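First comes the structure, then the notes that go with it.
In what follows, chains are A, B, ... by sequence order, proteins preceding strands, each numbered from 1. All heavy atoms count here, side chains included; hydrogens, waters and symmetry mates do not. The shown structure was predicted, so the numbers you read here are calculated from the model rather than taken from an experiment.
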Amino acid sequence: MSLEIDCQLQRDKFNLEVHLTVAPGSVLAITGENGSGKTSTLDMIAGLLACTTGKISLNDRVFDDSTTNQFVQPEKRGVSTVFQGGGLFSHMTVEKNMIFGRGAAFRNTPRFDSAVEQFNLTGLLSRKPSTLSGGQRQRVALARAFLAPSEILLLDEPTTSLDATSRDEVRGAMKTFFETYNGVVVLVSHDAAEIAELATSVAQITISRGENTAAVLRN
Amino acid sequence: MKRSLSAPSGLWLVALPAAAIVIVPVLAVFWRTDWSSFLTLISNETSRTALVLSLRTSLVATSLALVFGTPLAWLLANRDFKFKSLVRAFCVLPMVLPPVVGGVALLYAFGRRGLVGARLDEWFGIQLAFTETAAILAQFFVAAPFFILVMEAAFDQVDRRIVGTARTFGAGPWRTFATVTLGLVRPSLLAALVLTWARALGEFGATIAFAGNTAGRTQTVPLAVYSQLESGGDDALALSTLMMIVSLGVLIALRGRWVSALRRGGQ
């Protein structure tokens with residue numbers, strides 16, 4: 001019972017091959033140089049990209065299968081994401097971002113209140129993302145992912161471009177998040193210290209550049 | 001002396017006529033306007049009828065641009081399809097076409113003996129030419145390209161990852177469009193609507209060719225100005241002043257936003 005990925009993504013002159021198995025409760029870190037396909041891997045899990053060939057499944061649910069032509073839309077996959085820069089909706093307040101897709105009543109639940117406290121967002125709820133610091137934005141993004149009902153959590157370089165203080169804050173927030181999360185976590189990161197602190201296993205993308213670039217990711 | 005990098009000397013002297021040729025006519029209209037009779041003139045029977053008609057037709061034309069232009073602009077910005085550049089070229093064509101030629105084209109398309117118009121008449125007994133509907137279609141023809149162009153640029157600016165994020169958080173494609181994409185393009189959408197409406201309001205050439213110049217039915221404000229000018233009335237000037245005020249108001253309200261939207265779209 002786990003997230004299983006066996007697939008290929010072909011773009012002109014770029015071929016990415018991914019073979020991963022991630023069990024619930026574990027945190028897989030993905031590393032690799034820029035442009036090697038880390039974000040594309042997350043996109044295929046989330047359903048923002050379809051595999052060219054191969055299969056992605058979570059437990060017995062097939063998300064993507066090129067042989068049977070199955071493809072589950074992202075909103076049906078139970079995935080929550082913290083993309084680069086947080087991926088916040090800039091026209092909504094922090095609060096609206098956090099309850100996105102949940103209905104206004106969700107704001108008055110104890111779960112919402114505890115997320116506000118856990119991610120240290122008191123006093124920021126009515127602000128727009130553009131008025132927040134990078135670290136605050138990431139904490140909002142984490143809180144939103146925390147509140148969404150999900151079985152898979154995808155994080156794309158959540159602490160890149162943050163200063164040291166914010167990085168520690170966001171890392172601390174991730175740590176407490178992961179402790180209570182019982183889904184699958186896939187974390188893209190460049191940072192060895194972060195990986196050592198948060199991940200339970202690591203997979204590195206190996207890349208061979210020639211006329212065509214071939215990238216392989218397996219664990 | 002101001003401490004700054006020097007520009008080529010004499011540039012102001014050459015640049016001034018370009019500004020003057022636009023500014024002087026605007027000032028001239030305001031200068032000649034008899035403000036004591038302004039309200040009386042713009043509220044006489046002909047002017048009032050034209051104003052009401054113009055307001056109604058331009059608002060309908062703008063709404064049509066909103067309803068049909070938004071999906072088209074989104075598709076142009078987000079999907080690759082066959083003949084896309086051709087479709088885009090045709091969408092923008094009315095911006096470079098003399099409007100009166102557009103009116104002639106509309107006549108050959110939807111006129112009583114036109115390509116589509118003949119069938120409409122034969123099968124449904126519908127005649128479009130020289131009706132208020134024709135005036136609306138003429139306005140849509142010349143104004144919709146502004147809406148489509150500005151909105152395509154706006155949709156193109158929307159970060160695909162933000163839209164993707166909304167999908168992963170459980171919003172389907174329609175809800176994502178309504179709550180995230182539209183929210184992000186809202187400032188451009190307002191600019192596009194105002195710009196489109198202003199262009200529809202000022203439409204003359206296509207209207208007079210396709211809809212004619214019938215008071216109360218197809219005589220919009222620009223056509224009324226033209227007719228009144230020919231008969232030498234003061235109301236032409238009053239209506240011109242009013243249109244000038246509306247146009248300046250639009251530009252001040254937009255503060256150059258549409259220019260930047262078009263510039264982004266051109267890249």
Side-chain angles (χ1 to χ4, degrees), chain A residues 39-40 42-50 63 71-93 96-104 106 128-130 137 140-157 183 186 188, chain B residues 66 70-71 73-75 77-82 84-85 147 150-194 253-258 260-261 264-265:
Chain A
T39 300
S40 295
L42 295 189
D43 283 355
M44 286 194 288
I45 299 170
L48 301 178
L49 274 177
F63 283 169
F71 183 80
V72 176
Q73 294 291 323
E75 63 270 19
K76 304 260 169 63
R77 291 193 181 195
V79 172
S80 57
T81 53
V82 178
F83 284 139
Q84 269 181 49
L88 298 179
F89 309 123
S90 59
H91 61 297
M92 296 182 190
T93 60
K96 288 258 168 65
N97 266 282
M98 287 170 66
I99 62 170
F100 182 79
R102 301 297 298 269
F106 185 64
K128 288 274 181 74
S130 58
R137 274 203 284 272
V140 175
L142 280 170
R144 181 174 64 179
F146 177 79
L147 289 171
S150 72
E151 291 172 86
I152 300 176
L153 169 66
L154 305 175
L155 304 111
D156 195 356
E157 304 191 24
V186 181
V188 167
Chain B
L66 172 71
T70 306
W74 190 90
L75 287 171
N78 286 287
R79 288 289 178 270
D80 280 319
F81 50 87
K82 251 185 176 172
K84 179 168 161 175
S85 40
F147 184 84
V150 172
M151 287 316 291
E152 186 196 342
F155 285 133
D156 199 47
Q157 292 274 303
V158 172
D159 187 344
R160 307 290 192 270
R161 301 208 68 77
I162 300 291
V163 174
T165 300
R167 296 291 298 273
T168 65
F169 281 102
W174 277 107
R175 205 150 70 84
T176 300
F177 179 79
T179 59
V180 175
T181 308
L182 278 186
L184 291 171
V185 301
R186 217 175 83 107
S188 296
L189 182 66
L190 292 177
L193 284 174
V194 173
L254 292 180
R255 268 169 295 219
R257 195 178 273 146
W258 71 279
S260 54
R264 282 199 300 270

query: Taking all atoms of both residues into account, what is the closest heavy-atom pair of Ser80(A) and Phe169(B), and its distance?
result: CB-CE2, 3.6 Å

query: Considering the options Leu184(B), Val180(B), Val163(B), Thr179(B), which one meets the side chain to side chain contact (heavy atoms under 4.5 Å, CB included) requirement together with Phe89(A)?
result: Val180(B)

- request: Check the surroundings of atom NZ in Lys84(B): do more than 12 heavy atoms from other residues, nucleotides or ligands lie under 6.0 Å from it?
  value: yes

- line: Among Val79(A), Thr81(A), Leu88(A), the residue with the most heavy-atom pairs under 4.5 Å to chain B is Thr81(A)

message: Does anything in residues 142-155 of chain A reach chain B? List residues with heavy atoms under 4.5 Å apart, or say none.
response: Arg144(A), Ala145(A), Ala148(A)

query: If you measure from CZ on Arg186(B) to NE2 on His91(A), what distance do you get to the nearest 0.5 Å?
result: 9.5 Å

message: My understanding is that only residues two or more places apart in sequence, or in another chain, count here; which of them pass side chain to side chain donor-acceptor pair (under 3.5 Å) with Glu75(A)?
response: Arg167(B)

- prompt: When rounded to the nearest 0.5 angstrom, what is the spacing between OG1 in Thr168(B) and CZ in Phe83(A)?
  reply: 5.5 Å

Spacing of OG belonging to Ser90(A) relative to CD1 belonging to Ile162(B), to within rounding of 0.5 Å: 7.0 Å

- line: Rounded to the nearest 0.5 Å, the CZ atom of Arg160(B) sits from the CG atom of Leu48(A) at a distance of 12.5 Å

